[in-house]
Enquirer: 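Take this structure, written in structure tokens, and hold onto it; I'll ask about it next.
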Amino acid sequence: MYKALAWATVESVDAKQFRAAGHHVDVIPNSTLVPKNIIAEDFTRIQNLNNMISSNGKLVLKKYSCIGSQCIIIPGNHVPTVGVPQYLSKLHINDVSNDIVVEEDCWIGAGCVILSKARFGRGCVVGAGSLITKPVPPYAVAVGSPLKIVGARFTKDQIIEHERILYAPEERYTKQEIDDLFDKYFKGLRTIGTSEMSDEDRERLLEYKRQIGMTDFSNLNE
């Protein structure tokens, strides 16, 4: 899925410097990242003007996911320590490092602040300017500070169809898992997605997938 890369000695936005990177990892210029702490799977994107502050904590970006512009990503915490002034927090004494994991097919909107307890469930959408300090459920639409779930990305049937196209059978959520998500998080909430697409757009989508080698499982026999 991705290959290991050498430790990087300087901050860079070059995906080739990441700890691990797959195919078609798009990194838009003018971000400040810590490549030795980033794992990016196939078909992922980091927009411009992102700022990652990390000593040891990693950012794991799984396939199909994107991080919007001007996000701040901090996978760790300082622990106040007697005798250590804040100016010397750069020594990372007693720091606690965590990994921020962005599961498959997530969209994180522009200007979000992403802190160490954040985790993004598959297919979730997080609105611009949000503060993320806790896990976001799969296929949730969440916004704000504090973060609040305001809807689901798709209906149940749309999730089943979306997963049938994007994922191999063994990777897909079961109907029971999807039912459980809706029972736990989305009762009474709206959905924002659509299944509509013009024939022209559908052909353009399929052609681009072919060009970049992205599998469309709806065209395969199961």
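Sequential numbering from 1 along the given sequence is applied to the chain's residues. Quantities reported herein were computed from a predicted structural model and do not represent experimental measurements.
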Enquirer: Is there a path of hydrophobic side-chain contacts, each under 4.5 Å between heavy atoms, that joins Leu206 and Ile165?
Expert: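 Different clusters: Leu206 never reaches Ile165 through Ile, Leu, Val, Met, Phe, Trp or Tyr contacts under 4.5 Å.
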Enquirer: Looking at every heavy atom in both Lys90 and His92, which two are closest together, and how far apart are they?
Expert: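 For Lys90 and His92, the tightest heavy-atom pair comes out as O-CD2, 3.0 Å.
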Enquirer: Using the rule that two of Ile, Leu, Val, Met, Phe, Trp, Tyr join whenever any of their side-chain heavy atoms come within less than 4.5 Å, decide whether Met214 and Tyr167 are in one cluster.
Expert: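 Met214 and Tyr167: one cluster.
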Enquirer: Any chain of hydrophobic side-chain contacts (each under 4.5 Å) joining Val113 to Val136?
Expert: no
Enquirer: Between Ile212 and Phe43, is any pair of side-chain heavy atoms under 4.5 Å apart?
Expert: yes
Enquirer: Give me the atom names and distance for the closest heavy-atom approach of Ser65 to Cys106.
Expert: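 Shortest heavy-atom separation between Ser65 and Cys106 comes out as OG-N, 2.7 Å.
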Enquirer: Nearest 0.5 Å please: distance from the CD1 atom of Ile28 over to the CD1 atom of Ile67.
Expert: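 Output value for this atom pair is 12.5 Å.
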Enquirer: Going through the distances and angles, do Ile74 and Ile100 end up as a side chain to side chain contact (heavy atoms under 4.5 Å, CB included)?
Expert: CA-CA 8 Å; Ile74 309 176; Ile100 292 172; 6.0 Å; no
Enquirer: Look at Arg153 together with Asp105 and state whether they make a salt bridge at an N to O cut-off of under 4.0 Å.
Expert: yes
Enquirer: Please round to the nearest 0.5 Å and tell me the distance separating atom CE of Met52 and atom CG of Asn37.
Expert: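 Reported value, rounded in 0.5 Å steps: 5.0 Å.
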Enquirer: Let me confirm one number: the CG-CD1 distance from Leu33 to Ile46, rounded to the nearest 0.5 Å.
Expert: 5.5 Å
Enquirer: Is the count of non-hydrogen atoms from other residues, nucleotides or ligands lying under 6.0 Å from Asp199 atom CG greater than 12?
Expert: no
Enquirer: Measure across Leu205 and Met197 and return the closest heavy-atom pair with its distance rounded to 0.1 Å.
Expert: CD2-CE, 4.0 Å
Enquirer: Count I, L, V, M, F, W, Y as connected when their side-chain heavy atoms are under 4.5 Å apart, and connections chain through other members. Are Leu166 and Tyr173 then in the same cluster?
Expert: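 Leu166 and Tyr173: one cluster.
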Enquirer: CG/Asn98 to CG/Asn77 distance, rounded to the nearest 0.5 angstrom?
Expert: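 Between atom CG of Asn98 and atom CG of Asn77 there are 6.5 Å.
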Enquirer: Does a salt bridge link Lys58 with Asp99, judged by any charged N lying under 4.0 Å from a carboxylate O?
Expert: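 Yes, this pair counts.
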Enquirer: Indicate whether any N or O donor in one side chain lies under 3.5 Å from an N or O acceptor in the other, for Asn94 and His78.
Expert: no
Enquirer: With rounding to the nearest 0.5 angstrom, report the CG to OG distance, Asn48 to Ser69.
Expert: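 It is 3.5 Å, given to the nearest 0.5 Å.
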Enquirer: Within a reach of under 6.0 Å around CD of Gln211, are more than 12 heavy atoms found that belong to other residues, nucleotides or ligands?
Expert: yes
Enquirer: Within a radius of less than 6.0 Å around CD of Glu170, do more than 12 heavy atoms belonging to other residues, nucleotides or ligands occur?
Expert: yes
Enquirer: As a test of understanding, state which of Asp95, Val84, Val96, Ile93 forms a side-chain contact (heavy atoms from CB on, under 4.5 Å) with Val79.
Expert: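 Only match with Val79 under side-chain contact (heavy atoms from CB on, under 4.5 Å): Val96.
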Enquirer: If you define the side chain from C-beta out and look only at heavy atoms, does anything of Trp107 sit under 4.5 Å from Arg45?
Expert: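 Side-chain contact under 4.5 Å: yes.
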Enquirer: Could you walk me through whether Val141 and Ile149 satisfy the side chain to side chain contact (heavy atoms under 4.5 Å, CB included) test, starting with their C-alpha distance in whole Å, then the side-chain angles of each, then the deciding distance to 0.1 Å, before giving a yes or no?
Expert: CA-CA 6 Å; Val141 179; Ile149 298 171; over 6 Å; no
Enquirer: Given 3.5 Å as the limit, does a donor-acceptor pair link the side chain of Thr215 with the main chain of Phe217, or not?
Expert: no
Enquirer: Please tabulate, for the side chains in residues 117-132, all donor-acceptor contacts under 3.5 angstrom to protein atoms that are two or more places apart in sequence or on a different chain.
Expert:
residue	atom	partner	partner atom	Å
Arg119	NH2	Glu103	OE2	2.5
Arg122	NE	Glu104	OE1	3.3
Arg122	NH1	Glu163	OE1	3.1
Arg122	NH1	Glu163	OE2	2.9
Arg122	NH1	Glu171	O	3.1
Arg122	NH2	Glu171	O	3.1
Ser130	OG	Gly127	O	2.8
Ser130	OG	Gly144	N	2.9

Enquirer: On the 0 to 90° scale, with breaks at 30° and 60°, tag the His162-Tyr139 ring pair as parallel, tilted or perpendicular.
Expert: perpendicular
Enquirer: Answer yes or no: is there a donor N or O on one side and an acceptor on the other, between the side chain of Glu41 and the main chain of Lys63, under 3.5 Å?
Expert: yes
Enquirer: Compile the donor-acceptor pairs under 3.5 Å between side chains in residues 179-193 and protein atoms, sequence neighbours left out, one pair per line.
Expert:
residue	atom	partner	partner atom	Å
Asp179	OD1	Lys156	NZ	3.1
Asp179	OD2	Lys175	NZ	3.2
Asp180	OD1	Gln176	NE2	2.8

Enquirer: Report yes if some heavy atom in the side chain of Asn50 is under 4.5 Å from a heavy atom in the side chain of Gln70; otherwise report no.
Expert: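 No, their side chains stay 4.5 Å or more apart.
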Enquirer: If you compare all heavy atoms of Arg202 against all heavy atoms of Ser195, which two are closest, and at what distance to 0.1 Å?
Expert: NH2-O, 4.3 Å
Enquirer: Looking just at side-chain N and O atoms, do Ser218 and Asp216 make a donor-acceptor pair shorter than 3.5 Å?
Expert: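 Checked: Ser218/Asp216 side chains pair up, N/O donor to acceptor below 3.5 Å.
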Enquirer: Any idea which heavy atoms bring Cys71 and Gly68 closest together, and the distance?
Expert: SG-O, 3.5 Å
Enquirer: Under a 4.0 Å N-O cut-off, is there an ion pair linking Glu207 with Arg204?
Expert: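 Between Arg204 and Glu207 there is no salt bridge, as every charged N stays at least 4.0 Å from the carboxylate O atoms.
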Enquirer: For a side chain to side chain contact (heavy atoms under 4.5 Å, CB included) check, start with the C-alpha distance between Asp42 and Tyr64, then their side-chain angles and the critical distance, and finish with the verdict.
Expert: CA-CA 7 Å; Asp42 296 345; Tyr64 309 143; over 6 Å; no
Enquirer: Given side chain to side chain contact (heavy atoms under 4.5 Å, CB included), test Glu203 with Tyr208 step by step and report yes or no.
Expert: CA-CA 9 Å; Glu203 181 54 39; Tyr208 194 75; over 6 Å; no
Enquirer: Just how far is it from atom CG of Leu61 to atom CD1 of Ile39, taken to the nearest 0.5 Å?
Expert: 10.5 Å
Enquirer: Does any donor atom in the side chain of Asn51 or Thr32 lie under 3.5 Å from an acceptor atom in the other side chain?
Expert: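 Absent: no donor and acceptor within the cut-off.
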Enquirer: Can you see which heavy atom on Ser116 is nearest to which on Pro75, and at what distance?
Expert: CB-C, 3.8 Å
